[in-house]
Participant: 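Provided herewith is a single structure, encoded as structure tokens, for subsequent inquiry.
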Amino acid sequence: MADRKRIESPASRRSRVEAVVWLALAIAAFIVTFEFDGPLPTFEFGAAFWPRVVIAGVIVSAGVLLVSSYFVGARESEAVIDERTTDALSEDAARVTRKTLAIFAIPLVYVYAIHQVGFLLVTPIFLLGYMYLLGVRGWVTLIAVTVGFYGAIVLIFVKLIYTPLPQGAGFFHSLNGQLIGLIQ
Amino acid sequence: MENFINGTVLLFTDPTGIAIFIFGLFGGLVFGAIPGLSLLTLAAVLLPFSAWLTAEHAIMLYGVIYVSGVYGGAITAILFNIPGSVENAPTAFDGYPMTRKGQAGKAIGFAVTCSAIGGTVSAVLMMMATEPIADFAIRAFGPVEVFAVVFFGLTVVAGIGTRSLAKGWLSLLLGLFLGVIGGDPVSAVPRFTMGSLYLTGGLNFVPLILGFFAVTEVFVQGQRMASGTHVPSKVSVAYPSFKEFWDLRVAVVRSTVIGWFCGLLPGIGATLAAFVSYNEAVRWSKHPETFGHGDPEGVVAPETANNAATGAAMIPLLALGLPGGALTAIMIGVFNLHGMDIGPLIMVEAHDLVWVLFASMFWASLAILFLGIVEAKGIVHLLRIPFPIMAPAILVFSTIGAYALRANILDVYTMFGAGVAGFFMRRSDYSIPAVVMGLILGQIGENVFSQAMVMLDYNFLNFFTQPISAVLIGGGLATVAYNIFKHSRSYLATFGRLDETTAHEPGD
């Protein structure tokens, strides 16, 4: 009986949910292909042929995943997961905390901020904040690494090879433009 | 031989030539290694300066940059899961897991030695056979054969980096689907663009690769830090032994051949070489399940192949004037800057110059070996930098790399989107390597498929009327059938054992 219970593990339930999501997405994508399924003058299969082959593959694979999810629990019980080398995370490592959410959210806020305020102004704050979030507490380390790394980036990308970097919007766009002009 | 010696003498009897050689070697390594700095950046920045150099020095500089840069991208792929360029992406599939297992020195040792072997053999073949082989390759490999190569490669991808065949296929198909977004390759009809101008141009694979590899890795390790399960990579400078190299001799030979022939194909050389070579390593391995988890052959195969492609890419360039990629296209510009038109007559009109290029690429490949052995002992110490310090640096480098491509902030959003998706996919045992392979090979595949079908009168059976495509398509179908059979047997065996256990359990 114990083995039967293992078949109904969270992993197999998750696989079933995933299979249903894949099927729903594939059906939605298939419907969208009717927007561009006319024949082309130089290619009679049309622009929808290749995507439909891919979508058909998704439907078949999701079906197989759905059926095989009844076996997943058993297979996982046999496998030894090495955290350092496998892509799958154990349940412990997959636990979501406030800190985990911050690890995801701060880079996304950073991208929005460089879009609005500009790369040069936001990056030092991000470097400092993300290191602090991940556990660096020595202020000397925080400041030295931020200044050193930021300085190297500005020197290489702005001063030496003129790499385009986000300049922000409105007032910040002109401010960043002036800063870049000064550095170059 | 006399031509080669003359080319070498022209290179190394002049201190300026030696200085430019060394500059090109280090420049290629650095620019190839750091995302945001690519070989193309360096080549483009140096183009105006090359007008001030002699023709020999200018051509030699670009030859050396090309060879060393293709290797350079392997370093960050192995140490930090950040491929320096697309052709180094398969190196990360097993190189980074080797680093996590404390085998970074070995991984870099394999990469550097095999890059040098691939590059050197390729340079020798380039010197021996430029004209006849270019002619054969261009005639024998049309869209039908290239599609067959892509199909053959895709059929093994689903088994890499996951224990579930269904999830492997779904990962591969997701990559293929991402490659479909944007204009179709024949008439640029918009597909799945939802009215977005950004999506009409298609998703560029550089932000996606940076997202799926670098950003996902930061999120995965960050979450492990937050949950107290983070294990830092062990620092090891152990270089692979001769026996370990000898055990992989077949893979090196196979990858050199694959890399060399792929390198001959204009436009897709080194990238296709690396991916196809990795796939073949999986296909021919006795333990394909170890790929994606730190198998040294997974480093050896793509690194041998992408460097083997560098010399081969020169053949259509010099013999026919067909560039194999953006960098070789810039090399045409360098020839033009010095008053020469590249094409079949170049071997006659600029004979010495061509041999300077051949010699420089040969010596650059050998120099990589010596430089790399020193580097393997030193650069792995970067792993001593704690993850909390490396993580924001990786994200900032990736941001620059994604944005610098087209100066479009949406590429950065795409990169982080791929990073988040990659995190959840890894958590559920989907295969990131399969997604990336699907994306890259799918874009190449659809393009040549549409050309192939026109040539084959829209009849799929005609793929079997051409010998090369018949063998490759047949081999691909056999691989799919074998994988399905193998996994079905495994599932049924597990189910059978469970039934037995349940049947014999008392009290049930």
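Reminder, nothing fancy here: chain letters follow the sequence lines and each chain counts from 1. What you see below is based on every heavy atom in this structure, not just the backbone, and it leaves out hydrogens, waters and symmetry mates.
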Participant: Identify which of Ala62(A), Gly46(A), Gly135(A) forms the greatest number of heavy-atom pairs closer than 4.5 Å to chain B.
Facilitator: Ala62(A)
Participant: Could you tell me the separation between the CD atom of Gln223(B) and the CG atom of Leu101(A), rounded to the nearest 0.5 Å?
Facilitator: 9.5 Å
Participant: Contact between Val218(B) and Tyr130(A) at the side-chain level, heavy atoms closer than 4.5 Å - yes or no?
Facilitator: yes
Participant: Name the member of Ile153(A), Val32(A), Leu165(A) that forms the most heavy-atom pairs with chain B at distances under 4.5 Å.
Facilitator: Leu165(A)
Participant: Counting heavy-atom pairs under 4.5 Å to chain A, which of Leu173(B), Ile389(B), Thr216(B) comes out on top?
Facilitator: Leu173(B)
Participant: Heavy atoms, side chains only, cut-off 4.5 Å: are Ser187(B) and Phe43(A) in contact?
Facilitator: no
Participant: Between Phe149(A) and Phe397(B), does the ring centre distance come in under 6.0 Å?
Facilitator: yes
Participant: Considering non-hydrogen atoms only, spot the tightest contact between Gly445(B) and Trp50(A) and give its length.
Facilitator: C-CH2, 3.9 Å
Participant: Can you say whether Ala19(A) sits under 4.5 Å from chain B via the side chain, the backbone, both, or neither, judging by heavy atoms?
Facilitator: neither
Participant: Specify whether Trp22(A) and Tyr430(B) have parallel, tilted or perpendicular ring planes, treating 30° as the upper limit for parallel and 60° as the lower limit for perpendicular.
Facilitator: tilted
Participant: Does the side chain of Leu40(A) reach to within under 4.5 Å of the side chain of Asp184(B), using non-hydrogen atoms?
Facilitator: yes
Participant: Of all of Tyr112(A), Tyr132(A), Tyr162(A), which one pairs up most often with chain B through heavy atoms under 4.5 Å apart?
Facilitator: Tyr112(A)
Participant: Would Phe119(A) and Ile400(B) count as a side chain to side chain contact (heavy atoms under 4.5 Å, CB included) if you check the C-alpha gap in whole Å, the side-chain angles of each, and the deciding distance to 0.1 Å?
Facilitator: CA-CA 9 Å; Phe119(A) 179 88; Ile400(B) 295 171; 3.7 Å; yes
Participant: Kindly indicate, with the supporting measurements, whether the criterion side chain to side chain contact (heavy atoms under 4.5 Å, CB included) is fulfilled by Glu35(A) and Phe192(B).
Facilitator: CA-CA 9 Å; Glu35(A) 291 176 7; Phe192(B) 305 107; over 6 Å; no
Participant: Could you tell me which non-hydrogen atom of Pro164(A) sits nearest to which non-hydrogen atom of Ala407(B), and how far apart they are?
Facilitator: CB-CB, 4.1 Å
Participant: If you count heavy-atom pairs under 4.5 Å with chain B, which of Val64(A), Ile106(A), Val136(A), Val58(A) comes out on top?
Facilitator: Val58(A)
Participant: Rounded to the nearest 0.5 Å, how far apart are CZ of Phe449(B) and CZ of Phe49(A)?
Facilitator: 4.5 Å
Participant: Non-hydrogen atoms of chain B under 4.5 Å away: do they reach the side chain of Thr146(A), the backbone, both or neither?
Facilitator: neither
Participant: Of the non-hydrogen atoms in Phe36(A) and Pro190(B), which two are nearest, and what is the gap between them?
Facilitator: CD2-O, 3.7 Å
Participant: Can you tell which part of Val54(A) gets under 4.5 Å to a heavy atom of chain B, answering side chain, backbone, both or neither?
Facilitator: both
Participant: Is a donor on one side and an acceptor on the other found under 3.5 Å between the side chain of Arg191(B) and the backbone of Ala47(A)?
Facilitator: yes
Participant: Can you tell me which of Ala48(A), Ser61(A), Pro41(A), Gly38(A) forms the most heavy-atom pairs within a distance under 4.5 Å of chain B?
Facilitator: Ser61(A)
Participant: So do Ile114(A) and Ile409(B) actually touch side chain to side chain, heavy atoms under 4.5 Å?
Facilitator: yes
Participant: To the closest 0.5 Å, what do you measure between CD1 (Ile103(A)) and CZ (Phe423(B))?
Facilitator: 9.0 Å
Participant: Taking the side chain as every heavy atom from C-beta outward, state whether Met131(A) and Pro388(B) have any pair of such atoms under 4.5 Å apart.
Facilitator: no
Participant: In terms of heavy-atom pairs under 4.5 Å with chain A, which of Thr399(B), Val420(B), Leu172(B), Val454(B) leads?
Facilitator: Thr399(B)
Participant: Closest approach of Tyr458(B) and Thr42(A), non-hydrogen atoms and distance?
Facilitator: OH-O, 3.6 Å
Participant: Could you grab the distance from atom CZ of Arg224(B) to atom OG1 of Thr100(A), nearest 0.5 Å is fine?
Facilitator: 12.5 Å
Participant: Roughly how far apart are Lys167(B) NZ and Ser15(A) OG, rounded to 0.5 Å?
Facilitator: 3.5 Å
Participant: Any heavy-atom pair between the side chains of Val396(B) and Tyr110(A) that's under 4.5 Å?
Facilitator: yes
Participant: With only heavy atoms counted, which part of Leu25(A) is less than 4.5 Å from chain B, the side chain, the backbone, both or neither?
Facilitator: neither
Participant: Do you know which two heavy atoms are closest between Tyr403(B) and Pro166(A), and how far apart they sit?
Facilitator: CE2-N, 3.3 Å
Participant: Using heavy-atom distances under 4.5 Å, tell me whether Ser450(B) contacts chain A through its side chain, its backbone, both, or neither.
Facilitator: both
Participant: Just verifying a value: how many Å separate Phe126(A) CZ and Leu395(B) CG, rounded to the nearest 0.5 Å?
Facilitator: 4.5 Å
